[in-house]
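My questions will all concern the structure given below.
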Amino acid sequence: MAATMTSQHHASSLCHHRRISGAPRQHVGSLVHVMWVVMMGFTPETGASSETQPHSIKIEGDITLGGLFPVHSRGPAGVPCGEIKKEKGIHRMEAMMYALDQINSDPDLLPNITLGARILDTCSRDTYALEQSLTFVQALIQKDNSDVRCSNGEPPIIPKPERVVGVIGASASSVSIMVANVLRLFAIPQISYASTAPELSDNNRYDFFSRVVPPDSFQAQAMVDIVKAMGWNYVSTLASEGNYGESGVDAFVQISREAGGLCIAQSIKIPREPRPGEFEKIIKRLMETSNARGVIIFANEDDIKRVLEAAKKANLTGHFLFVGSDSWGAKNSPILNLEDVAEGAVTILPKRASIDGFDQYFTTRSLENNRRNIWFAEFWEDDFKCKLTRPGIRGNSGLRKCTGEERISRDSAYEQEGKVQFVIDAVYAMAHALHSMHNDLCLGSMGVCDKMDPVDGRMLLSYIRAINFNGSAGTGVMFNENGDAPGRYDIFQYQLSNTTNPGYKVIGQWTNHLRLNAEDMQWSGGDKLVPDSVCSFPCESGERKRMVKGVPCCWHCELCDGYQYLLDEFNCDMCPFDMRPTPNRTGCRPTPIIKLEWSSPWAIIPVFLAVMGILATSGVIITFIRFNDTPIVRASGRELSYVLLTGIFLIYLITFLMIAEPSTVVCAFRRLFLGLGMCISYSAMLTKTNRIYRIFEQGKKSVTPPKFISPTSQLIITFIFISVQLLGVFIWFGVIPPHTTVDFDELRPPNPEYARGILKCDMSDLSLIGCLSYSMVLMVTCTVYAIKSRGVPETFNEAKPIGFTMYTTCIIWLAFVPIFFGTSQSTEKMFIQTTTLTVSMSLSATVSLGMLYIPKVYVIIFHPEQNVQKRKRSFKAVVQAATVSTHLSQKSSDKQNGETKVEPDRSQ
């Protein structure tokens, strides 16, 4: 053990040092000298002369391996080492010694060659580990000792320091990085059993470093796959300050960025020496992005525990969904008394197995059979909570004395530490590489041959990278070109509810790809539904994403409104004019086409009026034909009456054309008959009123009757008026042939569900009014003549009934105009306008029929005694009678005004 180092210093104390001026240092001695001066603040000579030796275990052998283990924790300020670490320190170190025993007793692996070891304590501190590891390179420092003499002038006897051919370790990545920088200078291969920092995969900087555990880049890839498998896209990261935590998070962030679809809400670093309240601040920062419930954590056990405590203190139990790295793994210590906060946490751990042979070995260790482990007594005291009696050391009265009869696992809790398998595999990897090297160089000779004395470190490295064997757990041990082991992980979840045995449950594996058993997962309260950890929830159907600048996982959802549909994930587009969006707005569908149906309330009333009007008109026509030669029929002007009744019949008939389904033929008849019926009616009435007016105006001047008052002349005048309407219609046919159209603009409300296309004829509101305008002119002119003829006695003509007819008709059409044009913005514009037009036309026809012909039919049917021939008078007598009637009416008016005039009796 340490006795060898003591003998070295005893020998050196017998000699004095004398430097010969100008003597050069050879090989790498100067490099190491400078390195020690810069990094450690002392020279090799002063280090050699120090009375305080590094604690180490020495196991004799033909070939010596170095070992680095965190036997003790980091000490407080100014003290390098703290309390002993039972699992990470003692278990792992004993695993190396167990592996050496197994190899040395194996006749097939390195036969006749014994592996020895020099095992050092790193005290979980990188700088202290570097100082300790310098022990491994002492034998490689070549110095010129020609200037060193003993007091008697003889050269000193300096024992040759042991030569370490390879190093097993270290545990923490920060320690491995520090040590690897030294070992590579001396070409000493290094195999780590626990360091997973991604930067150690850099074969240019750490070319002599290998590891039997996969790097955190694989772990980070597995964690990215887990996060994406759970449907999360917005997470935060927590990292303990140092190589492990920062490198792990950096790898996670880099892989997630390359994979896409995953955003980091916050990336928080836990200081190496946290101040009071630091973890409460971390929780507050995480809550600034509360949607990011998933927290990726690369941290040491102490930091994990304090994060969970801070979350519980903030009353956020169940809010955060932790995904922990292998530093959390399946350990109970970070979650002790915090199980409710940790419930649902998903953790990852390199695939491992418990080595039964090591359990049997370790549980049989005692103070008597394990004296080679210089820290075993300290472990014994800590494990059994007792105190060993040591010379010169006062016992602690608070602890019982150790008897030495205690047994591990029987008298204390024991569970094999998770990295034991990898320590054993690392030692076996070095042994297999040496075995292959021995077979190639020594060609079957027994023991270490000259070609392996000393062992060439660079050659040994090539053999290490080429090994491939089944490890202690039965899985393959091999290295890639960067010295990394393949990624094999178990996925755990800490489950508390709905289980008889709370704890970590295996829910999947990762070996280059993820196999996750989602049905085995459960969350806070035993919920089986995976909680959300997303910045923005998926948009509803028909909503587009408006991305938040700089955060590809965050967006606002905006509805494709109006007549827009979702063109793609980020854009809306307008539907074509004849289409409307589907209910979910993922596409467009044809807009329904409607027309005025016969069953519609808007059609029933006009049709009823038209049917009644047609029946009444038909009754009048039949009556007139039946009594065609009677005095009343003849006195009414038979020819023009039939023409006028034909116009009234056509006015009623147009209702059916306006309601009928539009087609080319229907549209043509609409154009033709819409104004024609009114034109015929008002042309006939205008001819009648004009005839009466001319007769009585002529009678005032002369007894000679006016021209064109015969029935034939009246018919010709009427047909001339009608021909103007027909000419206009046929010109319209020629310029714009009749056709149907579908109007999609008229019924296009803000809500597309109510959009409709209206099948209609190509008649705009303006063309419809134009079609009726000529009839309106005739109607107004007829009204003017009716007013002028109002003084004619009703016993002589139809002037007054025609006048009443025209007055009423004008009122109807004056009411029609605001109703027709005032509904242009209504969603039922077509129905209202069609109904208004047809009802107005039917009412005007009914007024004409009722005023002019119903009284005559009444007399003909019910009072035939009044339908007799009266004394025939000459034109002169008619005129004189009309004049007298006029004067009498004037006298009556004067008397009412209080004046009485005496007129001569002109009839005498």
Side-chain angles (χ1 to χ4, degrees), residues 70 72-85 87-89 122-129 171-178 194-197 199 216 220 223 235-253 264-290 292-317 319-329 331-342 345 347 494:
H72 293 86
S73 62
R74 181 198 303 265
V79 180
C81 301
E83 297 178 349
I84 195 163
K85 299 177 77 170
E87 288 83 9
K88 285 190 174 183
T122 65
C123 290
S124 306
R125 189 186 296 270
D126 49 5
T127 53
Y128 182 79
S171 178
S173 295
S174 57
V175 174
S176 288
I177 288 171
M178 191 75 83
S195 298
T196 57
E199 64 182 283
D216 285 339
M223 295 171 81
V235 296
S236 296
T237 63
L238 271 178
S240 291
E241 185 177 2
N243 287 101
Y244 173 77
E246 294 178 54
S247 299
V249 165
D250 289 345
F252 181 87
V253 171
I264 308 302
Q266 297 200 63
S267 195
I268 301 174
K269 185 190 299 183
I270 302 172
R272 199 183 300 267
E273 303 291 341
R275 299 176 182 175
E278 186 72 38
F279 289 89
E280 286 76 11
K281 291 179 182 178
I282 288 173
I283 295 299
K284 286 181 180 179
R285 282 190 61 189
L286 289 175
M287 286 304 294
E288 290 174 4
T289 50
S290 57
R293 295 179 63 188
V295 179
I296 312 304
I297 184 164
F298 281 83
N300 58 53
E301 294 179 35
D302 292 338
D303 288 345
I304 293 170
K305 188 175 184 68
R306 295 172 73 178
V307 166
L308 297 178
E309 288 173 345
K312 187 169 186 176
K313 184 178 179 181
N315 198 27
L316 292 171
T317 299
H319 176 78
F320 294 112
L321 312 168
F322 295 100
V323 179
S325 63
D326 62 346
S327 60
W328 184 336
K331 297 172 187 170
N332 288 316
S333 54
I335 63 171
L336 188 63
N337 301 321
L338 297 166
E339 291 84 357
D340 52 343
V341 187
T347 61
Y494 186 77

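Heavy-atom basis, side chains included; hydrogens, waters and symmetry copies ignored.
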> Taking only residues two or more places apart in sequence, or in another chain, which ones meet A292 in a side chain to side chain contact (heavy atoms under 4.5 Å, CB included)?
Replying inline: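 Scan of A292 (side chain to side chain contact (heavy atoms under 4.5 Å, CB included), adjacent residues dropped) gives Y234, S236, A265, T289.
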> Under the side chain to side chain contact (heavy atoms under 4.5 Å, CB included) criterion, do V295 and V323 qualify, and how do the steps go?
Replying inline: CA-CA 6 Å; V295 179; V323 179; over 6 Å; no
>> Taking salt bridge (charged side-chain N to carboxylate O under 4.0 Å, His left out) as the definition, give me every residue that meets it alongside E246, ordered by chain and number, with sequence neighbours left out.
In response: K269
>> Can you list everything that forms a side chain to side chain contact (heavy atoms under 4.5 Å, CB included) with A239? Sequence neighbours excluded, please.
In response: V249
> Just by distance, do the side chain of S247 and the backbone of E199 share a donor-acceptor pair under 3.5 Å?
Replying inline: no
> Is there a side chain to side chain contact (heavy atoms under 4.5 Å, CB included) between K312 and E309 once you walk through the steps?
Replying inline: CA-CA 5 Å; K312 187 169 186 176; E309 288 173 345; 5.8 Å; no
> In chain order, what residues pass the side-chain hydrogen bond (donor to acceptor under 3.5 Å, both in side chains) check against T122, with sequence neighbours excluded?
Replying inline: none
>> Testing the 3.5 Å rule here: is there a donor-acceptor pair between the side chains of S174 and D126?
In response: no
>> My understanding is that only residues two or more places apart in sequence, or in another chain, count here; which of them pass salt bridge (charged side-chain N to carboxylate O under 4.0 Å, His left out) with D302?
In response: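 So D302 forms no salt bridge (charged side-chain N to carboxylate O under 4.0 Å, His left out) with any residue.
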> So do L238 and I282 actually touch side chain to side chain, heavy atoms under 4.5 Å?
Replying inline: yes
> Counting N and O atoms only, with roles assigned by atom type, does the side chain of E241 sit under 3.5 Å from a partner on the main chain of P271, one being a donor and the other an acceptor?
Replying inline: no
> With sequence neighbours left out, what residues match F279 under ring pair (Phe, Tyr, Trp, His ring centres under 6.0 Å)?
Replying inline: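 Here no residue qualifies.
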> For the atom pair OG (S73) and CD1 (I84), what is the distance rounded to the nearest 0.5 Å?
Replying inline: 9.5 Å
> What residues, two or more places apart in sequence or in another chain, satisfy side-chain hydrogen bond (donor to acceptor under 3.5 Å, both in side chains) together with H319?
Replying inline: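 Testing H319 for side-chain hydrogen bond (donor to acceptor under 3.5 Å, both in side chains), a comparison that skips the adjacent residues, returns none.
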>> Evaluate F322 against I304 for side chain to side chain contact (heavy atoms under 4.5 Å, CB included), listing each step before the verdict.
In response: CA-CA 10 Å; F322 295 100; I304 293 170; over 6 Å; no
>> With salt bridge (Lys or Arg N to Asp or Glu O under 4.0 Å) as the rule and sequence neighbours excluded, what pairs involving residues 273-289 come up?
In response: E280-K313
> For T347, what residues pass the side chain to side chain contact (heavy atoms under 4.5 Å, CB included) criterion, not counting sequence neighbours?
Replying inline: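 W328, F492, Y504.
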>> List the residues meeting side chain to side chain contact (heavy atoms under 4.5 Å, CB included) with S325, not counting sequence neighbours, and say none if there are none.
In response: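 S325: side chain to side chain contact (heavy atoms under 4.5 Å, CB included) contacts with Q219, M223, Y244, F298, S327.
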> Sequence neighbours excluded, which residues qualify as salt bridge (charged side-chain N to carboxylate O under 4.0 Å, His left out) partners of K331?
Replying inline: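 By the salt bridge (charged side-chain N to carboxylate O under 4.0 Å, His left out) rule, K331 matches E301.
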>> Quick check: closest heavy atoms across K305 and L336, and the distance to 0.1 Å?
In response: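 Heavy atoms only, the tightest pair is NZ-O, 3.0 Å.
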> At their closest point, which heavy atom of V175 faces which heavy atom of A129, and how far apart are they?
Replying inline: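 Taking every non-hydrogen atom into account, CG1-CB, 3.4 Å.
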> Between V235 and F252, is a side chain to side chain contact (heavy atoms under 4.5 Å, CB included) present by the stated rule, with each step listed?
Replying inline: CA-CA 11 Å; V235 296; F252 181 87; 4.2 Å; yes
> Under a 4.5 Å cut-off applied to non-hydrogen side-chain atoms, are V307 and I270 in contact?
Replying inline: yes
>> S267: which residues meet the side-chain hydrogen bond (donor to acceptor under 3.5 Å, both in side chains) condition with it, sequence neighbours left out?
In response: T237
>> If you define the side chain from C-beta out and look only at heavy atoms, does anything of R293 sit under 4.5 Å from F320?
In response: no
> Which atom pair, heavy atoms only, marks the closest approach of Y128 to P80?
Replying inline: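 The pair with the smallest heavy-atom distance is CD1-CB, 3.6 Å.
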> Taking S195 for the side chain and A172 for the main chain, is one N or O donor matched with an acceptor at less than 3.5 Å?
Replying inline: yes
> Between the side chain of K85 and the main-chain N/O of S124, is any donor-acceptor distance below 3.5 Å?
Replying inline: no
> Shortest non-hydrogen contact from P334 to L308?
Replying inline: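 That closest heavy-atom pairing would be O-CD1, 3.7 Å.
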> Donor-acceptor pair, R74 side chain versus V79 backbone, under 3.5 Å?
Replying inline: no
> For T317 and D340, which heavy atoms make the closest approach, and how far apart are they?
Replying inline: CG2-O, 3.5 Å
> Okay, side chain of N300, backbone of D303: is any donor-acceptor separation there less than 3.5 Å?
Replying inline: yes
